[in-house]
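All values reported here derive from a predicted model rather than from experimental measurement. Each ligand, and each atom within it, is numbered from 1 in the order the structure gives.
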Amino acid sequence: MIAFTKMQGAGNDYIYIDNRNEVVKNPAELSPKISDRHFGVGSDGLVLICSSDKADIRMRMFNPDGSESEMCGNASRCVARFAWERFFQKEKDEFDLETGAGIKHIVIHHNGKNFQSATIDMGAPILEPEQIPVAAPTNRIRIDGREFTCVSMGNPHAVTFVDSVQTAPVLTKGPAYEMDKAFPRKANIEFVEVLSPTHAKMRVWERGTGETLACGTGSCATLVACVLNGKTEREIDLELLGGTLHIEWREDNSHVMMTGPAEFVFEGTFDE
Ligand SMILES: N[C@@H](CCC[C@H](N)C(=O)O)C(=O)O
C-alpha cells in the first residue's frame, strides 16, 4: 500500500507521494493506474516528492499516459505547500525546488499560520526552435492555417489566439496539434482569448493528459506569447477553467514569475 495525498492548484489535480524513501519503484507504470478516474484515485497525473542533493527538495511529474514531463507549474506550487507544512513545519518560507527543468526558487505567502499562495520563479522562457523543440526555423509556426507561438518553459508549449475560449476547438483539434510533426516531443496546446492588456482567458490541451482545468507552465508560456504578439502588458491575471493565476514576465532578468493557489484535497492509500 502506498500513502498518497491528493492536491489541486487551480483545479489541476495530482496525486502527490512522499518518495524520499523511494517507495515508488516504477512511476511510469503507477501513474496511468493511480490517475485513472474510474479504476484509480483519479487525477491529471502523479507527482513524486524526492530528496535532492542540489536543492531543498526535488519533484518528478508523470502524465496519466506514463510519460514524464520536465516541469509542472501547478504541481510546483502544491509541492511547495506540502513541503512548507509537512517538511519545514511552516518555519522556512523560501526554498529551492529541483525539477527536470532546473532549480526553481519558491516563496510561500502566508499569515504565519495559514498558507495563502506560492510564487515560483519559473526562469526564462526558451524561444529557440531547436530547444523548444519545434521542427521549424522559427518559433512562429502554422498548422492547418492556424498560427502558433511556441515557447518552452522547460516543457514544450504552442499558444494560439482565439476569439472565444468557449468555442475554441480544444477537444476536437487539441489531440492532433499535440501530436503534430512540428513537435518532435509533442506539445501542450494553449487556446487564448485576450480580454484586456492585463487580463486573458486560456484553455489547455495537455500533452499526455488531455484537457485540464489549468496549466501553470502553459500560463507562463501564454503570457510570453501575449507579450511577443503585442497583445498584453508583461503582468496579467490569467483566467483558467479551474481558477486564476497571476503571471509576470520580468524585464530585468527575463524570468517568468507565477503566483497562485495550492490546496489539499484528501489523503489515502493505494494498493498497487
Ligand atoms: N499541468 C502542468 C503541466 C504538466 C505536464 C505537461 N502535460 C507536459 O507533458 O509537459 C503545469 O501546471 O505546468
Atoms of ligand 1 close to [X] [distance to a heavy atom under 4.0 angstrom, numbered from 1]:
X      : value
Asn155 : 8 (C), 10 (O)
Asn74  : 11 (C), 12 (O)
Glu206 : 1 (N), 2 (C), 3 (C), 4 (C), 5 (C), 6 (C), 7 (N)
Asn63  : 5 (C), 6 (C), 7 (N), 8 (C), 9 (O)

Can you pull out the closest protein heavy atom to [atom]? Residue, atom name and distance to 0.1 Å, please.
atom                    : result
atom 6 (C) of ligand 1  : Asn188 OD1, 3.3 Å
atom 12 (O) of ligand 1 : Gly216 N, 2.6 Å
atom 13 (O) of ligand 1 : Thr217 OG1, 2.6 Å

Residue portion contacting ligand 1 (non-hydrogen atoms closer than 4.0 Å) for [X]:
X      : answer
Asn12  : side chain
Met153 : neither
Tyr14  : side chain

In terms of side-chain geometry, is the basic nitrogen of Glu267 or Arg86 positioned less than 4.0 Å from the acidic oxygen of its partner?
yes
Residues Arg142 and Glu147 bridged, charged N to O under 4.0 Å
yes
Can [X] be said to touch ligand 1, with heavy atoms closer than 4.0 Å?
X      : answer
Gly208 : no
Thr212 : no
Phe62  : no

Is the Trp84-His110 ring centre distance short of 6.0 angstrom?
yes
Please give me the minimum heavy-atom distance between Asn19 and Val24, naming the atom from each residue.
OD1-N, 2.8 Å
For a quick test of reading the model, state the closest non-hydrogen atom pair linking Ile106 to Ala80 and the distance between them.
CG2-CB, 3.6 Å
Mind checking whether Gly73 has an N or O less than 3.5 Å away from an N or O of ligand 1?
yes
Is it true that the NZ or CZ of [X] lies under 6.0 Å from the centre of [Y]'s six-membered ring and within 45 degrees of the ring axis?
X      : Y      : value
Lys231 : Phe161 : yes
Lys92  : Phe88  : yes
Arg20  : Phe87  : yes

Return yes if some donor-acceptor pair links the side-chain N/O of Asn111 with the main-chain N/O of Lys113 below 3.5 Å, else return no.
yes
Run through Asn139, Val134, Asp180, Thr160 and flag the one making a side-chain contact (heavy atoms from CB on, under 4.5 Å) with Phe148.
Thr160
Out of Ser152, Cys72, Gly218, Pro64, whose heavy atom sits nearest atom 2 (C) of ligand 1?
Cys72
My understanding is that we take every heavy atom of each candidate and find the minimum distance to atom 10 (O) of ligand 1. Doing that for Gly100, Ser69, Gly9, which one comes out nearest?
Ser69
